[in-house]
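Data first, discussion second: the structure below is written as C-alpha cells.
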2 protein chains.
Amino acid sequence: MTKPATIRDVAAAAGVSIAVVSRVLNDGSGPVSAGARQRVLQAMQDLSYRPRVAARELKSGPTSTIGLLLADVTNPFFARLADSVVREARSRGVQVVLMTTQEDPRLEEEALATLASRRVSGVIATPTATNAGAWQHLGDLQTRVVFVDRYLDSVPLADVVSIDNERSAREATEHLLELGHRRIGFVSGPLSTTTGRSRTDGHLATLAAHGIEPESELLRNIPFRGDQGADAMGSLLERDDPPTAIILANTAQAVSGLRRLRQAGVKVPSELSVVVFDDNPWTELFAPALTIMRQPTELLAAHSVDLALSQQPDATAGRTLMVEAEFVVRSSTAAPTAARVPSN
Amino acid sequence: MTKPATIRDVAAAAGVSIAVVSRVLNDGSGPVSAGARQRVLQAMQDLSYRPRVAARELKSGPTSTIGLLLADVTNPFFARLADSVVREARSRGVQVVLMTTQEDPRLEEEALATLASRRVSGVIATPTATNAGAWQHLGDLQTRVVFVDRYLDSVPLADVVSIDNERSAREATEHLLELGHRRIGFVSGPLSTTTGRSRTDGHLATLAAHGIEPESELLRNIPFRGDQGADAMGSLLERDDPPTAIILANTAQAVSGLRRLRQAGVKVPSELSVVVFDDNPWTELFAPALTIMRQPTELLAAHSVDLALSQQPDATAGRTLMVEAEFVVRSSTAAPTAARVPSN
DNA sequence: TAACAAAGTGGAATCGGTTACACTCGAACC
DNA sequence: GGTTCGAGTGTAACCGATTCCACTTTGTTA
C-alpha cells in the first residue's frame, strides 16, 4: 500500500537521528544507549522496515555476495554442485546469486554483464565459451573469478578447481584394458571444453601406452546439452566391429546414451561394458549397477567458495586446485566375452 | 588495479556532462547528438565502464528482476523448473536470482529477507514452511508472490500455479484399482505441504469411492529431502500382507525408495506395481520403464513468470492457476498376480 | 575544581547513478 | 524581425543507506 519505510521514517518514529538507527542496524559500529536501541528496534518492527541493499551497496562495497554461473542446472552434477556451493557459502554468511547459461554463449555473456554491474565479490563458473574479454574484464573489476570443473586457458587470471580429468580418464581406460577390452568407445563433451579435451587426451594416452592404435572412429565428441548421446551410442553400436566397452565421459549425455543401449537390447556387461563419468542416485538403479567416476562435489564447492572469497595474492595468475575423483567399480564392466574378442 | 570507472569519469573523458552519458546509457530518455553519443560510447569502451546496478536501483525502482526460491535444486523436478523459469524470464528481458532453501525453514527465512531488501519485483517460490509473516511482509512491499507446485493457505495474497494434485493422485489410484489392486502403498511428502496433503486426499477419496477401507498403515509421509524413501519402502515390504502396488508421490524420494526395492529383489510389476510422481530421464531407464505422472514444467514456469511480472488487480487475494499433469502408463504397473490377491 | 576521557548523539557529506528543469542556439514561422 | 519551437546540453536535487566529525553530556581523575 504505502511506500516502504526508510531509515528516516524509523528515525522519526523512534525520536532519534538516522545515524543512531544506522548504528543499531550495523551492530558494533558505534555506541548506542540501551533506551535508544530499544525504541529503534520497536520502530523498525512497527514499520516493518527492511534496509535496502541497493543503498547500502552504493555506499560501502557490495555486500558479500558471490555469483554462481552454471552451464546447466538440469545436469544433476551441476545441480549437486550448486547445492553444495550454496551450503558452503551460507556457512560463511555469503549470499549466492545463481544464474544459468544453458550452454549458450550469448546467455553467458549477458549473465556476465549482470554479474559485473552487480559488483559481486567473486564469481564461480563453468565457462561455456571463450567470452575471454568478458571474463578478463570481470577480473579487472577486482572480482575474483573461479572456474570449476571446466576452465579456459585464455583466461589466465582465473582460479581453477577441478578433478584431474586426464588422470580419471586414464584410470577408467586402464580398468577396461585390464579386463581385456581392446575396442573402447569414448563419448565425451566438446573438445572446446577442457573437460572434453583432457578426458580424451587421457584416454588416448593410455591406449598408446598399451600399444593400441587409437581409432578416431571410436571417439565421439558431442554437446553437453541435448539428445545426441543416443545418436552417438547408436552409431557406435552399428559398426561392423562394435566396441566391446564404452566410456561415457559426458555427464549430461549418459542418460540418453543408455536409453539407446536399452532400446537396442544390448546386454550389459556381457555384450558391452559401460563406464559413466557421473555419480547420480540412479546409476545404482540401472540394471546392472553402473561403474562410475565420482566427483567430490562437496570438496569442489568448498574450494571454489574459498577461492572466490579470498583476495588474489597475485593479480595476473590464477591458482589451480585439483581434487581426487573416485572410481567406483560396480557391475556394468566385465571381461569381453570370447566370441567378441577379435583374433589379435 | 585502479578503481572502476564511474559515470563522471566517462563524462570527463568524452567531454560532456553526466546527463548526456546517462541519456546514452538509457537510450530514448532524451536527445543526444550523434557526435556526443559516439564520443561517449568510445569513452565507455576505453574505460571499460559498467554502470552499477546499486546506484540505478537506488534511484529508480529495482531493475526488472524476479527471485526464484526453490526448496531443492538437487531435486530434478525443481531443477527443470528452474531451467524453464530462467528461459521464460529471459525471453522477457528479466533477470532471475535463484536461491535454495534446502527444505530448511531457517534458510528460507534468510533468503526471504534478502529478497525483500533487494526489492525484486516478484518472487516465485516453493514454500517450505509457514513463514507466513515473512511472506505477508513481502507482499506488503508490493512484491508479487507466486507459489508454484506447493502453496500455503496461510498466505492468501499469493498467486498459485500448480497441477491438480488431488486429481492426479486420483488418476493414479484409479489406474491401480482398475488393474485389480486392493492394497496400495502410498508414499508422499509431508502433510504440512499442500502437495503431500492433496495427493493423500485424492488417494483416500478414490479408495473410499470404491468402497475400500483405507489402511493408515499403508500411508507414509516422509520429508522431501533425505533418504527416508528407502525406509518407508522397506517397512511397507516387510508387512505380513505387503501392498501389491505402490505410489511414490514424492518426487525426491522415488530414487531411494526404488533402490530399496531393487535391493530387496522385488520383481516389478509381477510382485509389485509401481507409480512414480515424477518425470525424469532415468524413469525410462529403470527396468521396467516406470509408469509416471508428468508435470508440465514449461507451462508451470510460463504461468509463474507471467504472474510474477503482472500487477496485482486486487491486493488481498491471489489468483490460482491449475495446469494438467499427464499420466504416462509404461511397464511398471500390471494386474496383481493371483497368488497375491487375498481372498476378499 | 579544572581538566579530560568516554559515551551518546546528530549534522552533513558521500556513494553513482537518474531526471526535472533551466539554459543556449539555430531554424522556421508569421 | 520578433516569436516560437525543439534539439542539445548542463546543473543540481534526489534515492537510502553509511560514516566522519563535531558537539553535548556525563563520569573520572589529578
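Values reported hereafter were calculated over all heavy atoms of this structure, with side chains retained and with hydrogens, waters and symmetry mates removed. Letters A, B, ... are given to chains in the order of the sequence lines, protein chains preceding strands, and every chain is numbered from 1.
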Please report the interatomic distance NE2(A:H303) to CG(A:D159), rounded to the nearest 0.5 Å. 12.0 Å

Could you check A:N131, A:T126, A:T101, A:T100 and say which one makes a side-chain hydrogen bond (donor to acceptor under 3.5 Å, both in side chains) with A:E108? A:N131

Starting at CG of A:L25 and ending at P of C:dT9, how long is that distance when rounded to a whole Å? 16 Å

In 5'-to-3' order, the base (B), backbone-only (S) or no-contact (-) status of each nucleotide in nucleotides 5-16 of chain D, using a 4.0 angstrom heavy-atom cut-off, is --SBBBBB-BBB

Using a 4.5 Å cut-off on heavy atoms from C-beta on, say whether the side chain of A:M99 contacts that of A:E110. no

Atom CZ of residue position B:R106 - does it have more than 12 heavy atoms of other residues, nucleotides or ligands inside 6.0 Å? no

Say whether A:S310 and A:R319, considering side chains only, have a donor N or O and an acceptor N or O under 3.5 Å apart. yes

To the nearest 0.5 Å, tell me how far A:E57 CD sits from B:R52 CZ. 7.0 Å

Stretch residues 110-117 of chain A: residues that reach within less than 4.0 Å of DNA chain D through a heavy atom: none

Enter the distance from B:E298:CD to B:L300:CG here, rounded to the nearest 0.5 Å. 10.0 Å

Between A:R119 (CZ) and C:dC15 (P), how many Å, whole number? 14 Å

Residue of the set B:V16, B:I18, B:V32 for which side chain to side chain contact (heavy atoms under 4.5 Å, CB included) holds with B:R23: B:V32

